[in-house]
Structure formats: structure tokens, C-alpha cells
Amino acid sequence: MLQWVGGERRGDQPFPEPEGSVGRSQVWRWAEVNQWLNLIGVGDGASAPLREEALLIDLMLPQWQRDLDEGLPLVKIFCVQDKWLAERTSVMQTLEHALRRPETMRTMCALPRSEPDQLAVVCAVLQDRLSAVFDQIAPDDASALLAVRGEDATLHLLGVASRALPGTVPVSERGLGGGATVGDLLLELSSRSVAPTTPLALA
């Protein structure tokens, strides 16, 4: 470990920066160390919030508590850790501000849900395939929100459902094939008369 930290071994892949110190010992955030270990093939494969994600969770916890106190749904946010993580994190930050607006909460509450006190939100990027977005919706979640920022940095909140529900529109009716991306969906919505608030169903 000392050789990894000092760069004597694996110097081509620098060890994460320490989180701080306790007494005379440096300490690291386990999620960042484990991510680094996964890169060199000796991690345990587990995924935990990184520093930026943990900060966002801390920011959103008071909002979630206020929502519960007011009878609003608890928001579960899904943010895949991949090469677009920075952009997804930006979507999460924009979403955190949007959740403070009453019109955003009205849009969310209008969606059909199997659990009225919960709602899933998938943070997406334009390059994501729609099929990957649907895969993140748990089978017991009737519907979710797709949060994405368009090319003009505007936040779009789109209803998505893992199965056909009353009021939903199938993907096929939007003219989108199996390989369609979130960007394709935004383009389709801008050129069609279907209201963007109409939930999109996989089937």
C-alpha cells in the first residue's frame, strides 16, 4: 500500500488523493480507493458514492425530508458511474434545484406510480440508449422520470414507464427504434405534437 501511495508501484495510475488525516495518519475515501483498485484488477467490484456524489446526497437529504413531511414522493435518483459521470453529476445538480420548484413536483406527482410515496429519477445523457434507461427502472416501479440536459443546457424531465400504463405512449409510436438514444427522443419531442409530459412506455 505504501508503494502504491508513494507512486513506486503503479506510478502510471496515481493513487487517489487522501481525504484528510486523523492524527498523523492520512485517510482515504474507500469508494475512491476501491474504484482505483478495480482499475488495476484487484477491487471487490462494489460501487459506493464518490466524493462529488456524496456531497450531492448530503445536499438532497434535507429536500427529501421536507418532501416526506409535506406528503410528496421520496425521490430515488439513479446515476450510472461511467465515462459520462461528470455530465450526469451536472444533471443531478440541476435536478436538485428543479426539485425546489412547485411545478416540478406537480409534474412528478402526476406520473402513475406503483408506490405513491416514491419516484425514481434516472439521470441520463444524450448519448444513452433508451433501452439502458428503461433497464434502470426496477420491475416494481410503474414509472420514473428521465432527467437530461439538452444541448442548450435546459433540464428536461420526461415520464418513462417500464410497461404500458394508462396514458402512456409506446416508444414505437414516437418513431423510435430499438437503438434510439435519449438525444433522439428529445429531437422527436421537438418535432411532434405529442405533449412531452406524456409518459413514454417501453412496450
Side-chain angles (χ1 to χ4, degrees), residues 1-68 73-100 104 118-139 141 144-158 160 181-183 186:
M1 285 297 298
L2 288 174
Q3 290 178 342
W4 281 341
V5 171
E8 298 166 33
R9 297 182 62 191
R10 299 284 182 175
D12 57 324
Q13 294 176 311
F15 198 76
E17 290 293 320
E19 186 75 10
S21 60
V22 176
R24 290 182 291 175
S25 302
Q26 291 181 314
V27 292
W28 284 261
R29 184 178 291 272
W30 173 245
E32 295 178 0
V33 172
N34 201 38
Q35 184 183 56
W36 184 84
L37 291 171
N38 286 331
L39 286 174
I40 65 172
V42 294
D44 60 11
S47 177
L50 301 176
R51 181 183 285 110
E52 294 80 6
E53 295 168 315
L55 287 173
L56 284 171
I57 291 170
D58 290 342
L59 281 172
M60 296 195 75
L61 281 174
Q63 177 67 44
W64 291 336
Q65 187 59 56
R66 285 193 297 272
D67 292 345
L68 287 174
L74 178 65
V75 179
K76 300 182 296 181
I77 298 179
F78 297 93
C79 184
V80 175
Q81 298 184 27
D82 58 11
K83 62 182 179 181
W84 292 302
L85 180 58
E87 189 173 342
R88 294 183 199 281
T89 301
S90 180
V91 172
M92 287 179 66
Q93 290 172 325
T94 307
L95 176 65
E96 195 270 334
H97 293 293
L99 290 176
R100 298 176 184 166
T104 303
Q118 295 184 22
L119 179 65
V121 180
V122 178
C123 292
V125 295
L126 297 175
Q127 300 89 338
D128 281 339
R129 290 185 180 273
L130 285 175
S131 57
V133 171
F134 285 117
D135 286 344
Q136 294 179 62
I137 305 173
D141 283 324
L145 269 182
L146 164 63
V148 61
R149 293 203 314 172
E151 293 182 354
D152 60 353
T154 300
L155 179 69
H156 297 270
L157 295 173
L158 309 171
V160 290
T181 65
V182 171
L186 290 184

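Atom set for the values below is all heavy atoms of this structure, side chains included, hydrogens, waters and symmetry mates excluded. Quick caveat: nothing in here was measured; it's all calculated off a predicted structure.
- The two residues Val133 and Ala124 make their nearest non-hydrogen contact at CG2-CB, 4.4 Å.
- Counting all heavy atoms, side chain and backbone alike, Ala147 lies closest to Leu155 at CB-CD1, 4.3 Å.
- Between Val91 and Val148, every side-chain heavy-atom pair lies at or beyond the 4.5 Å cut-off.
- With sequence neighbours excluded, the residues satisfying ring-ring contact (aromatic ring centres under 6.0 Å, His included) with Trp4 are Trp36.
- Formation of a donor-acceptor pair under 3.5 Å by the Trp84 side chain with backbone atoms of Val125 is not found in this model.
- Listed by first then second residue, pairs satisfying salt bridge (charged side-chain N to carboxylate O under 4.0 Å, His left out) with a partner in residues 118-128 read Arg88-Asp128, not counting sequence neighbours.
- The CD atom of Gln35 lies 12.0 Å from the CH2 atom of Trp30; values are rounded to the nearest 0.5 Å.
- Side-chain atoms of Leu146 and Val182, non-hydrogen and from C-beta on, do get closer than 4.5 Å to each other.
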Check: Could you go step by step and tell me if Leu157 and Leu95 meet the side-chain contact (heavy atoms from CB on, under 4.5 Å) rule?
Finding: CA-CA 9 Å; Leu157 295 173; Leu95 176 65; 3.9 Å; yes

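- Within the model, atoms CG of Leu85 and SG of Cys123 stand 10.5 Å from one another, a figure rounded to the nearest 0.5 Å.
- The CD atom of Glu17 lies 14.0 Å from the CZ atom of Arg29; values are rounded to the nearest 0.5 Å.
- The CD atom of Glu87 sits 5.5 Å away from the CD atom of Gln127 when rounded to the nearest 0.5 Å.
- Put simply, the side chain of Asn38 gets close to the backbone of Asn34: a donor and an acceptor are under 3.5 Å apart.
- Using a 3.5 Å distance cut-off with no hydrogens or angles, the side chains of Thr154 and Arg149 do not pair a donor with an acceptor.
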